[in-house]
Amino acid sequence: MPEGNDWYVRVGTGAPRKAGVGRFRCGGGGGTALTVSSLPARRTQGAGTALHELLVSAQRRGCLTAGVYESAKLMNVDPDNVAFCVLAADQEDEGDIALQIHFTLIQAFCCENDIDIVRVNDVARLAAIVGPSEDSGEPRDLHCILITNPNEEGWKDPALEKLNLFCEESRNVNDWVPTITLPE
């Protein structure tokens, strides 16, 4: 399986074969499925751990904005202050057309403004990490979470740097919004 930045290609049910950069094309293949694996499983697991650490750190520093509408307002007012975006949806949310439209708009905005973005498919696990609203104690909308830059100059979060690298590597294989699994 993949090591480092090696790319492996699997056509149909065949065994994965190592591919060089630019030596294969995606799509248009007469119904043949093409699966590209470029990031080893340990990198994806590492991204889940880094996301967990980033969420905890950002909440502690007051740099976390939760909610689709709250996030949209923040991105409209101060997009340069947004450092990272998390979109979260459970299986039952996949049929929510309004939420999917919001996700599409947020993704476009993030791409336009060079904001790294990931998806999480476990809102309950995300809620266990982030917890209820500090103001009201009520459960909050966790479908979109933004991590903003704190007011501290020179703040560098190692978890954010790992996630930025993970997102960059994902984009290199045309996975523009990678899905991350949070650790248990």
Side-chain angles (χ1 to χ4, degrees), residues 1-58 63-65 71 74-75 79-89 94 100-123 125-126 129 143-149 154-183:
M1 291 315 291
E3 296 277 325
N5 289 326
D6 291 344
W7 292 13
Y8 284 75
V9 177
R10 178 183 357 222
V11 178
T13 58
R17 285 182 248 154
K18 194 171 185 177
V21 175
R23 294 185 47 198
F24 62 92
R25 286 187 308 152
C26 294
T32 303
L34 178 69
T35 304
V36 179
S37 299
S38 67
L39 301 176
R42 68 183 181 274
R43 290 282 301 153
T44 304
Q45 290 171 344
T49 302
L51 180 57
H52 182 276
E53 292 169 2
L54 178 63
L55 291 168
V56 170
S57 172
C63 302
L64 186 140
T65 300
S71 296
L74 177 64
M75 287 189 289
D80 294 333
N81 198 33
V82 178
F84 199 78
C85 179
V86 179
L87 297 179
E94 296 300 324
Q100 296 309 315
I101 291 170
H102 287 299
F103 279 5
T104 301
L105 294 171
I106 290 168
Q107 289 174 27
F109 187 90
C110 288
C111 287
E112 180 76 18
N113 289 283
D114 297 321
I115 299 168
D116 286 327
I117 181 171
V118 297
R119 285 192 76 135
V120 172
N121 291 330
D122 191 348
V123 177
R125 180 70 188 119
L126 198 56
I129 295 168
H143 289 107
C144 182
I145 295 176
L146 297 181
I147 309 299
T148 56
N149 292 314
W155 176 70
K156 298 269 186 201
D157 190 308
L160 179 59
E161 291 177 9
K162 285 179 190 174
L163 287 167
N164 291 147
L165 179 61
F166 174 79
C167 288
E168 181 180 340
E169 290 175 349
S170 296
R171 283 191 302 274
N172 287 338
V173 293
N174 291 324
D175 187 2
W176 295 96
V177 184
T179 300
I180 292 180
T181 302
L182 291 166

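Residues take their numbers from the sequence shown, with the count starting at 1.
- Between Ile145 atom CD1 and Leu51 atom CG the span is 8.0 Å, to the nearest 0.5 Å.
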Begin from the C-alpha positions of Cys85 and Phe109 and carry the test side chain to side chain contact (heavy atoms under 4.5 Å, CB included) through to its verdict. CA-CA 11 Å; Cys85 179; Phe109 187 90; over 6 Å; no
Given the rule in the side chain to side chain contact (heavy atoms under 4.5 Å, CB included) test, do Thr181 and Asp122 qualify, once you have shown the distances and angles that lead to the verdict? CA-CA 8 Å; Thr181 302; Asp122 191 348; over 6 Å; no
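- Between Cys167 and Val118, the closest heavy-atom pair is SG-CG1, 3.6 Å.
- Between Asn149 and Asp80, the shortest heavy-atom contact is ND2-O, 3.8 Å.
- Taking CD1 of Ile117 as the start and SG of Cys144 as the end, the distance is 7.0 Å to the nearest 0.5 Å.
- In plain terms, the two heavy atoms of Ala83 and Asn164 that are nearest each other are O-ND2, 4.4 Å.
- The line from CE of Met75 to CD of Glu112 is 12.5 Å long, rounded to the nearest 0.5 Å.
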Evaluation steps, side chain to side chain contact (heavy atoms under 4.5 Å, CB included), between Val120 and Arg125: CA-CA 9 Å; Val120 172; Arg125 180 70 188 119; over 6 Å; no
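- A distance-only check finds a donor-acceptor pair linking the side chain of Asp157 to the backbone of Ala159 [under 3.5 Å].
- With a 4.5 Å cut-off on side-chain heavy atoms, Leu165 and Glu161 do not count as touching.
- To the nearest 0.5 Å, atom OG1 of residue Thr148 and atom CG of residue Leu64 are 8.0 Å apart.
- Note that CD1 of Ile106 is 12.0 Å distant from SG of Cys111, once rounded to the nearest 0.5 Å.
- Pairing each heavy atom of Leu182 with each of Gly48, the nearest pair is CD2-O, 3.9 Å.
- Here the closest heavy-atom approach between residue Asn113 and residue Pro79 is recorded as OD1-CB, 4.2 Å.
- Residues Leu54 and Ile147 meet the side-chain proximity criterion, which asks for heavy atoms closer than 4.5 Å.
- Summarising the geometry, atom CZ belonging to Phe166 is positioned 10.5 Å from atom CG belonging to Asp116; distances are rounded to the nearest 0.5 Å.
- In terms of heavy atoms, His143 sits closest to Ala89 at CD2-CA, 4.4 Å.
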